[in-house]
Amino acid sequence: MSFAKRIAQQARSGLNSLAHGMGAGDAPLGDVDERDLQAELDARVASRERASRRPGDSPRAALAAGGEAARDKRRRMAEAREKRIHSAREARERKE
């Protein structure tokens, strides 16, 4: 699961738990205690801080700056991609 999806899922579950505890008042969060709202905000901020990654943690960044081994892997990936594209194109042309 991607980082953005995890954050969205955590936010959604937090909002669902808040919405579950809400009554049918005039103000959207009028029935929710201020301390509960602050606790939810603190939990979200802490979650973002724990999940934060350095730019080099990305698999794409590792491939881009990985030296000789990464260069070989990029070349193999490009060759495989080229083979897939050409085979699909040739199959399409044969049908026509």
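Numbering starts at 1 and runs along the sequence shown.
A salt bridge links Glu40 to Arg44: one of the charged nitrogens lies within less than 4.0 Å of a carboxylate oxygen. Ion pair Arg71/Glu68 flagged as a salt bridge, since at least one NZ, NE, NH1 or NH2 atom sits closer than 4.0 Å to an Asp/Glu carboxylate oxygen.
Checking each of Glu79, Met77, Lys73 against Arg75 for a side chain to side chain contact (heavy atoms under 4.5 Å, CB included) leaves exactly one that passes, namely Glu79.
To the nearest 0.5 Å, atom CD of residue Glu82 and atom CZ of residue Arg89 are 9.5 Å apart. Expressed to the nearest 0.5 Å, how far CG of Asp42 lies from CG of Leu37 amounts to 11.0 Å. Atom-to-atom distance recorded for Arg94:CZ and Arg92:CZ is 11.5 Å, nearest 0.5 angstrom.
With hydrogens and angles ignored, the 3.5 Å screen pairs a side-chain donor or acceptor of Ser87 with a backbone N or O of Lys83.
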